[in-house]
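These notes concern the structure reproduced below.
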Protein chains: 2
Amino acid sequence: MSLTVDLVVLTVRDDRLHVLLIERGKEPFRGKTALPGGFVRSREDSDAAALRELAEETGLDGRTLHLEQLRSYTRPDRDPRGRVVSVAYLALAPDLPLPVAGTDARRARWTPVADLGPGDLAFDHARILADGLERARAKLEYTTLATAFCPPTFTITELRRVYEVVWGVSLDARNFHRKVVNADDFLVATGTRRVPDVGRPAALYRAGGATVLYPPMLRAAAQHPVART
Amino acid sequence: MSLTVDLVVLTVRDDRLHVLLIERGKEPFRGKTALPGGFVRSREDSDAAALRELAEETGLDGRTLHLEQLRSYTRPDRDPRGRVVSVAYLALAPDLPLPVAGTDARRARWTPVADLGPGDLAFDHARILADGLERARAKLEYTTLATAFCPPTFTITELRRVYEVVWGVSLDARNFHRKVVNADDFLVATGTRRVPDVGRPAALYRAGGATVLYPPMLRAAAQHPVART
DNA sequence: CAAATAGTGTCTATCAGACACTATCGA
DNA sequence: TCGATAGTGTCTGATAGACACTATTTG
């Protein structure tokens, strides 16, 4: 039996939610699009393997990203090579340029989630991606995780775009502003401003110490997806 | 490399939160207390193994319980036998008598969670239990999962006890009543009543179709635990 | 009747959502 | 000045929490 990690790496770019995908260089599914990932080595745990694969396949440094275990996929027939259990990870990144270094990262690219069709991904990666998306959407409600999509300092409008893009809704800018500024230790004002091409400059914030968002930013009742067990 | 499942099975009994533990019959940790679980067979997935082990080791039928994957534990040194990856599951059960059938279930017993000391559990099961408890506590806020701790029909006071015992807080009975009755499709009145030894009979309810609880039952801001990644 | 538990009503502070309005920039 | 974006104020309805009060049972 083998153990792999698969990575759902999400970012917001050009007001669309993107996932990092690679083109597979080996069989099975050679040439097909898949989530980045690979085998866990004998003396590392899956967390270490996720960090290593993220660096090798995408050039990203997981220590600077939000990276959490998603869940495991264990169906005996999920990999044609035989029994391969995969531990999936969810990573959230700001809109970083992909280093096209001398690694396998040259095969990695950001793809808009909405552009993916049903059979576009290898293995059971469509399911893993769906689970990752739902986890990310749910955690925006009750945690301060939205800041993981933002650069070290960001404006409230940028933060609002994260919510809008990840949830696929539009939010009232004025109510959103009031809400996030009032939430306990969600944002810390830096005292600096960003001067845009046009319009009034926006105050810059950085993420506060809170991990739990209180009060939560609830999606409207009607927008709640049906929970999967 | 081997794959196991470990089960965090929780129930509320005598106004205390209990976890189902077994006494290990084999090495390693023979005679020591541990979570129920066992090896995943070659042609089953971990969900099937969790159901099978639940039946074999505890006599419970997982199809009638809430059973969900919790997360996986992959540290190479977590099992002295070598590399053993464990997929942990969380199960929530009403206060059922444990069938002491001809299976290994004779080693299973309900133990109050609060009675467990730091080194009482084998392997990394203390950590798995802690993760399971936090998952259960969090899900009571935003889902209708509390009904999984209740028998098919139950009173609102019984449901409130679930929240109080799992969270370790006390809740205002009157506000709780108003809140759960008003939540969308959380509870369905059966039209019947339960006559107690003393006091006014209570209306009996069964779980409604909702899986998401809206509005959520938020733990007070100050009671939110620090999130773990 | 009293004791005990179930359930309703009411008040207040807070919050969400709608939306008018003001502020500050570049051109 | 205008256009554009940032940010504040204000109103209304819903909700949470505190808690007085009523309802229905047994003994």
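Model, not experiment: these values are computed from the prediction. We use all heavy atoms of the structure for the numbers below, so side chains are in, but hydrogens, waters and symmetry mates are not.
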Check every strand shown and say whether D197(B) touches a base, only sugar-phosphate, or nothing at a heavy-atom separation below 4.0 Å.
-> sugar-phosphate
May I ask you to say what A173(B) touches in the nucleic acid, namely base, sugar-phosphate or nothing, with a heavy-atom cut-off under 4.0 Å?
->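 Nothing, no nucleic acid heavy atom in range.
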The answer to which of D172(B) and T155(A) contacts DNA chain D further toward the 5' end, by nearest nucleotide, is T155(A)
Look only at the side chain of E53(A) and the backbone of V5(A), and say whether a donor-acceptor pair between them is shorter than 3.5 Å.
-> no
Please figure out whether R178(A) or R200(A) has its closest DNA chain C nucleotide nearer the 5' end.
->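 Nearer the 5' end of the strand: R178(A).
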Is any N or O donor-acceptor pair between the side chain of N175(B) and the base of dA18(D) shorter than 3.5 Å?
-> yes
dA20(D) base / R174(B) side chain donor-acceptor hit below 3.5 Å =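 Check passes, donor-acceptor contact within cut-off.
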With a 3.5 Å cut-off and no angle check, do the side chains of [X] and [Y] form a donor-acceptor pair?
X: S86(A); Y: D6(A); value: yes
X: Y205(B); Y: T147(B); value: no
X: R109(A); Y: T33(A); value: yes

Nearest whole angstrom, please: distance from the [atom2] of [N] to the [atom1] of [X].
X: F176(B); N: dT5(C); atom1: CZ; atom2: P; result: 17 Å
X: R194(A); N: dG26(C); atom1: CZ; atom2: P; result: 16 Å
X: N182(B); N: dT8(C); atom1: CG; atom2: P; result: 10 Å

Listed nucleotide nearest any side-chain atom of P201(A), set dT15(D), dA4(C), dT24(C) |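 My answer, after comparing the listed nucleotides, is dT24(C).
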Nearest-neighbour nucleotide for the I156(A) side chain, dT10(C), dG7(D), dT10(D) considered =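 The answer is dG7(D).
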State whether H177(B) places a side-chain N or O below 4.0 Å from either non-bridging phosphate oxygen (OP1 or OP2) of dA6(C).
-> no
Taking only side-chain nitrogens and oxygens of T157(A), does any of them come within less than 4.0 Å of OP1 or OP2 of dT5(D)?
-> no
